Novice: 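Dumping the structure here so I can ask a few things about it.
Computed from a prediction, not measured in an experiment: that's the story for all the values here. Only this structure's heavy atoms are used, side chains among them; waters, hydrogens and symmetry mates stay out. Residue numbers start at 1 and run along the sequence shown.
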Amino acid sequence: MSNAGRWGEWEPVIGLEVHVQLSTSSKMFSGAGTAFGAAPNSQACAVDLGLPGVLPVINRAAVHKAVRFGLAIGAEVNQHSIFDRKNYFYPDLPKGYQISQFEQPIVGRGSLTLTLADGEEKSVGITRAHLEEDAGKSIHDLVPGKTAIDLNRAGTPLLEVVSEPELGSPEEAAAYFRKLQSLVRYLEICDGNLAQGSMRCDANVSIRKRGSNELGQRTETKNINSFRFVEQAISYEIERQIGVLESGGTIVQETRLYDPDADETRSMRTKEDSDDYRYFPDPDLLPLIVSDAELNAIRDAMPELPEARKQRYIETLGLTAYDAELLVADPDTARYFEAAAAVAGDGKLTANWMLGELAAALNREELEIGSSKVAPEALGELVVRITDGTISGKIAKTVFEKLWSAEQPLTVDAVIEAEGLTQLSDSGAIETIVDEIIAANPKQVEQFRNGKEKVFGFFVGQVMKATQGKANPATVNEVLRAKLAP
């Protein structure tokens with residue numbers, strides 16, 4: 001169903017705030033480590049704990065990653081920005097404030113282009129992206145009746161990416177989140193690991209009468225960490241808000257959480273406005289200056305971005321827009337494709353095998369492409385043996401399965417030789433087999449010569465059966481047509 005009739009007279013307005021954990025070895029304002037999975041509170045130093053007399057120092061690597069992101073979304077990079085103190089009190093925030101950016105963020109307005117499920121493209125505005133430090137983690141199910149605090153995450157560098165309220169459905173929101181994950185992985189500024197909290201999403205949702213330009217009261221659902229949960233949480237919140245308004249109630253501005261087990265959002269606390277945080281410039285930090293030389297060096301080192309790579313695949317390798325989009329969505333998949341296609345010399349056929357046999361094998365065993373049991377070079381070699389006529393596409397599937405199931409890596413040629421799978425392309429040998437099959441099936445010959453074209457498939461099948469599937473299909477078709485002609 002289109003969005004136009006999906007919620008009756010209502011339409012949702014959605015914006016996302018995505019927290020991107022920057023992949024630095026130390027924290028935003030201290031030298032403490034950021035490795036995931038360390039023992040609780042083992043990576044929190046005096047600066048992270050806010051002890052008296054300590055001073056923060058800006059992590060320049062985090063700044064460079066933020067600038068790289070700004071360039072990638074076509075945003076204005078503010079070469080002069082400042083850090084502010086965002087004041088609130090919570091057990092996992094030992095200083096009583098978070099160092100963030102408010103009035104002057106490092107990245108201004110930009111945009112991200114999505115490809116939606118129907119193939120349509122949509123540009124979504126990004127309001128800003130600002131640097132800040134993460135808070136610690138409250139653990140509510142470790143000690144009965146109490147909340148445990150792990151401050152390992154306190155001070156970890158984050159880039160908060162704030163979209164315009166331009167997403168019109170849960171599916172668009174998930175597509176935006178997915179595209180953002182792909183981009184930060186291409187830029188190598190974040191590993192994009194949702195399960196480990198490397199990216200977390202806050203969804204701002206409101207509804208209004210269809211056609212209205214006025215925004216309704218919004219709620220914010222915090223810390224969603226999967227594409228599926230983004231869709232489910234937003235869908236639930238839209239339906240909940242419609243139910244409240246249609247029953248005569250009003251929407252309360254509040255912070256909510258999503259419970260995936262119950263598939264519902266629940267109220268956490270009344271939502272604060274920016275004034276409630278009493279922002280003011282952090283007195284311990286000088287303004288952040290990015291020099292022209294730094295900016296130019298970062299721009300010169302930018303990698304090829306997904307959209308540019310997609311266009312290259314279409315224009316130089318002859319891929320369809322759909323296939324190219326699938327291959328560039330994940331940087332590991334794109335790297336595998338590049339390596340395989342370089343060996344194969346045929347980008348289109350390589351793409352077909354990756355999106356067909358390889359994707360099916362990975363899905364069957366629930367593996368990421370980085371754990372593929374067939375190396376990209378081996379897949380490229382397989383394509384070469386198809387294109388040079390050594391094996392047919394059908395035999396290639398058998399070779400692929402042998403490669404996939406082998407306990408030790410094998411070469412394509414070794415499998416072909418060991419299994420005796422070389423394609424039979426000798427026209428003389430095929431003619432001999434065709435003559436025998438024609439002689440043994442006079443009735444079918446007569447039917448074909450009387451215009452029953454589909455009988456031709458019978459003869460092809462008989463030849464392939466007689467050669468155990470090894471006959472070159474093109475040669476078989478050519479010889480049969482000649483021999484069966486009246």
Side-chain angles (χ1 to χ4, degrees), residues 3 11-20 22 63-79 81 101-132 158-190 192 199-206 213 215 218 220 224 227 230-231 234 290 295 298-299 301-314 321 324-326 328-331 334:
N3 289 340
E11 67 177 3
V13 179
I14 304 161
L16 296 188
E17 299 172 13
V18 179
H19 293 82
V20 177
L22 299 175
V63 173
H64 288 179
K65 291 178 187 296
V67 171
R68 181 179 282 203
F69 177 80
L71 293 173
I73 62 168
E76 177 186 357
V77 174
N78 297 315
Q79 292 179 249
S81 62
Q101 292 186 313
F102 182 59
E103 292 288 352
Q104 298 179 42
I106 190 167
V107 176
R109 291 185 177 275
S111 64
L112 200 64
T113 300
L114 315 181
T115 301
L116 304 178
D118 60 3
E120 180 185 351
E121 290 194 339
K122 176 173 182 173
S123 179
V124 178
I126 291 178
T127 310
R128 55 188 278 147
H130 60 264
L131 285 164
E132 64 183 20
L158 299 179
L159 185 67
E160 181 172 342
V161 182
V162 182
S163 84
E164 291 286 321
E166 296 177 350
L167 299 162
S169 71
E171 293 76 20
E172 283 186 14
Y176 169 86
F177 193 20
R178 188 176 283 108
K179 189 64 175 280
L180 196 58
Q181 186 212 36
S182 172
L183 179 60
V184 299
R185 292 185 62 211
Y186 267 95
L187 294 171
E188 297 183 344
I189 65 173
C190 173
M199 291 183 70
R200 307 189 299 278
C201 171
D202 299 342
N204 293 294
V205 178
S206 66
N213 291 321
L215 294 174
R218 68 184 173 91
E220 180 183 41
I224 312 171
F227 305 126
V230 165
E231 284 194 43
I234 293 174
V290 177
L295 185 59
I298 295 168
R299 183 181 284 113
M302 289 286 286
E304 183 182 40
L305 298 178
E307 288 304 312
R309 183 169 287 194
K310 175 182 173 181
Q311 284 305 120
R312 177 164 63 84
Y313 288 174
I314 294 170
E325 179 73 24
L326 291 176
V328 304
D330 172 67

Novice: Using the ring-ring contact (aromatic ring centres under 6.0 Å, His included) criterion, which residues pair with Tyr176? Sequence neighbours excluded.
Specialist: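 Listed in chain order: nothing, the list is empty.
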Novice: Between Val107 and Leu131, is any pair of side-chain heavy atoms under 4.5 Å apart?
Specialist: no
Novice: State, yes or no, whether a side-chain contact exists between Leu295 and Gln79 at a heavy-atom distance under 4.5 Å.
Specialist: yes
Novice: Go through the structure and list residues passing side chain to side chain donor-acceptor pair (under 3.5 Å) with Gln311, not counting sequence neighbours.
Specialist: Glu315
Novice: Quick one: does any side-chain atom of Ser182 pair with a main-chain N or O of Ala329 as donor and acceptor, under 3.5 Å?
Specialist: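 Such a contact is found between Ser182 side chain and Ala329 backbone.
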Novice: Looking at every non-hydrogen atom in both residues, tell me the closest pair between Leu159 and Ala66 and how far apart they are.
Specialist: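 For Leu159 and Ala66, the tightest heavy-atom pair comes out as CD1-CB, 3.8 Å.
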Novice: Which heavy atom in Ile14 sits nearest to a heavy atom in Pro170, and how many Å separate them?
Specialist: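 The pair with the smallest heavy-atom distance is CD1-N, 4.0 Å.
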Novice: What residues form a side chain to side chain donor-acceptor pair (under 3.5 Å) with Gln181, not counting sequence neighbours?
Specialist: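 Partners of Gln181 by the side chain to side chain donor-acceptor pair (under 3.5 Å) criterion come out as none, since no residue qualifies.
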Novice: What I'd like to find out is whether the side chain of Val20 reaches to under 4.5 Å of the side chain of Leu158, using heavy atoms alone.
Specialist: no
Novice: Passes side chain to side chain contact (heavy atoms under 4.5 Å, CB included), Glu132 versus His19? Steps please.
Specialist: CA-CA 10 Å; Glu132 64 183 20; His19 293 82; 3.4 Å; yes
Novice: Which atom names give the shortest non-hydrogen contact between Gly168 and Pro12, and what distance separates them?
Specialist: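 In terms of heavy atoms, the two residues are closest at O-CG, 3.4 Å.
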Novice: Under the side-chain contact (heavy atoms from CB on, under 4.5 Å) test, which residues partner Glu164, sequence neighbours left out?
Specialist: Arg109, Thr127, Glu166
Novice: Glu325: which residues meet the side chain to side chain donor-acceptor pair (under 3.5 Å) condition with it, sequence neighbours left out?
Specialist: Thr115, Lys310
Novice: Is any side-chain heavy atom of Arg309 closer than 4.5 Å to one of Pro306?
Specialist: no
Novice: Taking 4.0 angstrom as the limit, do Glu188 and Lys65 come out as a salt bridge?
Specialist: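 Result for this pair is no, no salt bridge flagged.
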Novice: How close do Gly108 and Ala75 get, heavy atom to heavy atom, and via which atoms?
Specialist: O-CB, 3.5 Å
Novice: Contact between Glu121 and Leu114 at the side-chain level, heavy atoms closer than 4.5 Å - yes or no?
Specialist: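 In short, these two side chains do not touch, never coming nearer than 4.5 Å.
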Novice: Between Arg128 and Phe102, is there a donor-acceptor pair closer than 3.5 Å when you use the side chain of the first and the backbone of the second?
Specialist: yes
Novice: Please list, chain by chain and in numerical order, all residues satisfying salt bridge (Lys or Arg N to Asp or Glu O under 4.0 Å) with Arg200, sequence neighbours excluded.
Specialist: Asp134
Novice: Within the structure provided, determine whether Asn78 and Ile106 are in side-chain contact (heavy-atom separation under 4.5 Å).
Specialist: no
Novice: His64: what forms a side-chain contact (heavy atoms from CB on, under 4.5 Å) with it, not counting sequence neighbours?
Specialist: Arg60, Glu294, Ile298
Novice: May I ask you to test the Asp202-Leu16 pair for a side-chain heavy-atom distance under 4.5 Å?
Specialist: no
Novice: Step by step, would you call Leu116 with Glu172 a side chain to side chain contact (heavy atoms under 4.5 Å, CB included)?
Specialist: CA-CA 7 Å; Leu116 304 178; Glu172 283 186 14; 3.9 Å; yes
Novice: Work out which heavy atom in Ser111 is nearest to a heavy atom in Ser123; give both atom names and the distance.
Specialist: CB-OG, 3.7 Å
Novice: Who passes side-chain contact (heavy atoms from CB on, under 4.5 Å) against Pro331, sequence neighbours left out?
Specialist: Arg185, Tyr186, Arg335
Novice: Test of understanding: with salt bridge (Lys or Arg N to Asp or Glu O under 4.0 Å), list the residues that count as partners of Glu307, not counting sequence neighbours.
Specialist: Lys179
Novice: Is any side-chain heavy atom of Glu17 closer than 4.5 Å to a side-chain heavy atom of Asn204?
Specialist: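 Counting from C-beta outward, Glu17 and Asn204 do come under 4.5 Å.
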Novice: Measuring from Cys190:SG to Met199:CE, what's the distance to the nearest 0.5 Å?
Specialist: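 These two atoms lie 6.0 Å from each other.
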Novice: Using every non-hydrogen atom in the two residues, find where Leu167 and Lys122 come nearest and quote the distance to one decimal.
Specialist: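 The answer is CA-NZ, 4.2 Å.
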Novice: Run the side chain to side chain contact (heavy atoms under 4.5 Å, CB included) check on Arg312 and Glu304 step by step: do they pass?
Specialist: CA-CA 10 Å; Arg312 177 164 63 84; Glu304 183 182 40; 2.9 Å; yes
Novice: State the SG-CZ distance between Cys201 and Phe227, to the nearest 0.5 angstrom.
Specialist: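 Answer rounded to 0.5 Å: 10.0 Å.
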Novice: Going by side-chain contact (heavy atoms from CB on, under 4.5 Å), name the residues that satisfy it together with Leu187, two or more places apart in sequence or in a different chain.
Specialist: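 Leu187 satisfies side-chain contact (heavy atoms from CB on, under 4.5 Å) with Arg68, Phe69, Ala72, Leu183, Ile189, Met302, Pro303, Leu305 only.
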